[in-house]
Amino acid sequence: YSAGTHNQDIRFVRPVFYNGGLVAITMSLCHWTDVGGPMPGSFNPKATECFAEGIQLPAMKIYENDEPVRHTFDLIKLNMRVPHDRMGDIAAQYQAVRQMERRVCEYVDRYGLDTILQSFE
């Protein structure tokens, strides 16, 4: 469990840049209802190891320059029972980190970079 919990907790991470400098990192965690494996819902009461609980997704790019990385989407779709639902999860998480990015930049515009960085401390 390199992500710290279990296979179904999927995180999206997005850096926030302001005037070319890194200001923050946003993160969205979503519990997907299914990540493949031998049992629907990815809950396998007979599992003796994490490999029996569905696909393990390492850190990878899912969007680059705000465009979907097709081979990543294909990998996910091929390993899910209900790929349409997972594409909805991806869209929701992606929009969540983009909204956080917009808000951080709005706060920097409103209060200034020093104030925002100081508040993070």
Side-chain angles (χ1 to χ4, degrees):
Y1 303 122
S2 62
T5 53
H6 67 125
N7 297 5
Q8 290 175 277
D9 286 344
I10 307 296
R11 290 164 179 80
F12 275 42
V13 178
R14 183 180 178 100
V16 176
F17 295 96
Y18 189 87
N19 289 339
L22 180 64
V23 174
I25 297 173
T26 64
M27 193 272 295
S28 167
L29 183 145
C30 184
H31 179 90
W32 289 8
T33 58
D34 192 281
V35 291
M39 303 289 289
S42 301
F43 179 73
N44 183 355
K46 295 180 180 181
T48 58
E49 58 186 10
C50 60
F51 301 106
E53 296 177 347
I55 191 170
Q56 295 184 64
L57 296 170
M60 64 179 125
K61 279 188 180 182
I62 195 156
Y63 285 87
E64 187 167 11
N65 298 320
D66 291 319
E67 294 294 324
V69 176
R70 281 289 137 217
H71 64 269
T72 303
F73 274 69
D74 291 344
L75 171 73
I76 292 168
K77 285 193 266 187
L78 285 170
N79 284 281
M80 305 295 150
R81 283 183 181 80
V82 189
H84 178 74
D85 287 357
R86 297 303 67 80
M87 295 302 103
D89 289 338
I90 288 171
Q93 285 186 263
Y94 177 68
Q95 290 304 320
V97 293
R98 290 203 59 212
Q99 179 65 15
M100 287 182 259
E101 175 188 38
R102 285 189 290 271
R103 289 292 170 89
V104 168
C105 290
E106 287 172 11
Y107 294 149
V108 173
D109 285 341
R110 181 182 293 173
Y111 301 109
L113 182 59
D114 290 338
T115 300
I116 296 304
L117 294 177
Q118 201 171 40
S119 72
F120 289 163
E121 287 296 321

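Residues take their numbers from the sequence shown, with the count starting at 1. From a predicted model like this one, the values you see are computed outputs, not experimental measurements. The figures that follow rest on heavy atoms only: side chains count, while hydrogens, waters and symmetry mates do not.
Listed by chain and number, the residues in a side-chain hydrogen bond (donor to acceptor under 3.5 Å, both in side chains) with Asp109 are Tyr18 (sequence neighbours excluded). Residues satisfying the side-chain hydrogen bond (donor to acceptor under 3.5 Å, both in side chains) criterion with Thr72, sequence neighbours excluded, are absent altogether. With sequence neighbours left out, the side-chain contact (heavy atoms from CB on, under 4.5 Å) criterion links Ala47 to Asn44, Ala52, Glu53. Residues meeting the side-chain hydrogen bond (donor to acceptor under 3.5 Å, both in side chains) test with Arg103, sequence neighbours left out: none. Residues forming a side-chain contact (heavy atoms from CB on, under 4.5 Å) with Ala91 (at least two apart in sequence, or on another chain): none. Residues passing the side-chain hydrogen bond (donor to acceptor under 3.5 Å, both in side chains) test with Lys61, sequence neighbours excluded: Glu64.
Within 6.0 Å of CZ in Arg70 there are more than 12 heavy atoms belonging to other residues, nucleotides or ligands.
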Report all side-chain donor-acceptor pairs from residues 22-32 shorter than 3.5 Å, counting only partners two or more places apart or in another chain.
| unit_1 | atom_1 | unit_2 | atom_2 | d |
| --- | --- | --- | --- | --- |
| Thr26 | OG1 | Arg14 | O | 3.0 |
| His31 | ND1 | Asp9 | OD1 | 3.0 |
| Trp32 | NE1 | Gln93 | OE1 | 2.9 |

Please tabulate, one pair per line, all N/O donor-acceptor pairs under 3.5 Å involving side-chain atoms of residues 113-121, not counting sequence neighbours.
| unit_1 | atom_1 | unit_2 | atom_2 | d |
| --- | --- | --- | --- | --- |
| Thr115 | OG1 | Tyr111 | O | 3.1 |
| Ser119 | OG | Ile116 | O | 2.6 |

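Hydrophobic cluster of Val69: no remaining members, since no ILVMFWY side chain lies below 4.5 Å from it. If you chain together ILVMFWY residues whose side-chain heavy atoms come under 4.5 Å of each other, Leu78 ends up in a group of its own.
The stretch residues 59-99 participates, sequence neighbours left out, in these ring pair (Phe, Tyr, Trp, His ring centres under 6.0 Å) pairs: Tyr63-Phe73, Tyr63-Tyr94. Within the structure, salt bridge (Lys or Arg N to Asp or Glu O under 4.0 Å) pairs that include any residue of residues 81-96 comprise Asp34-Arg81, Arg86-Asp89 (at least two apart or interchain).
Side chain of Asn79 to main chain of Ile55: no donor-acceptor pair is present (N/O by atom type, distance under 3.5 Å, no hydrogens or angles).
Note: the hydrophobic cluster containing Met80 also contains Met87 (ILVMFWY, side chain heavy atoms under 4.5 Å, direct or indirect links). Hydrophobic clustering of Ile, Leu, Val, Met, Phe, Trp and Tyr side chains at less than 4.5 Å, counting indirect connections, unites Val97 with Ile76.
Under the 4.5 Å side-chain criterion, counting only non-hydrogen atoms from C-beta, Val108 is not in contact with Asn19.
Separating the CD1 atom in Ile90 from the NZ atom in Lys77 is a distance of 8.5 Å, to the nearest 0.5 Å.
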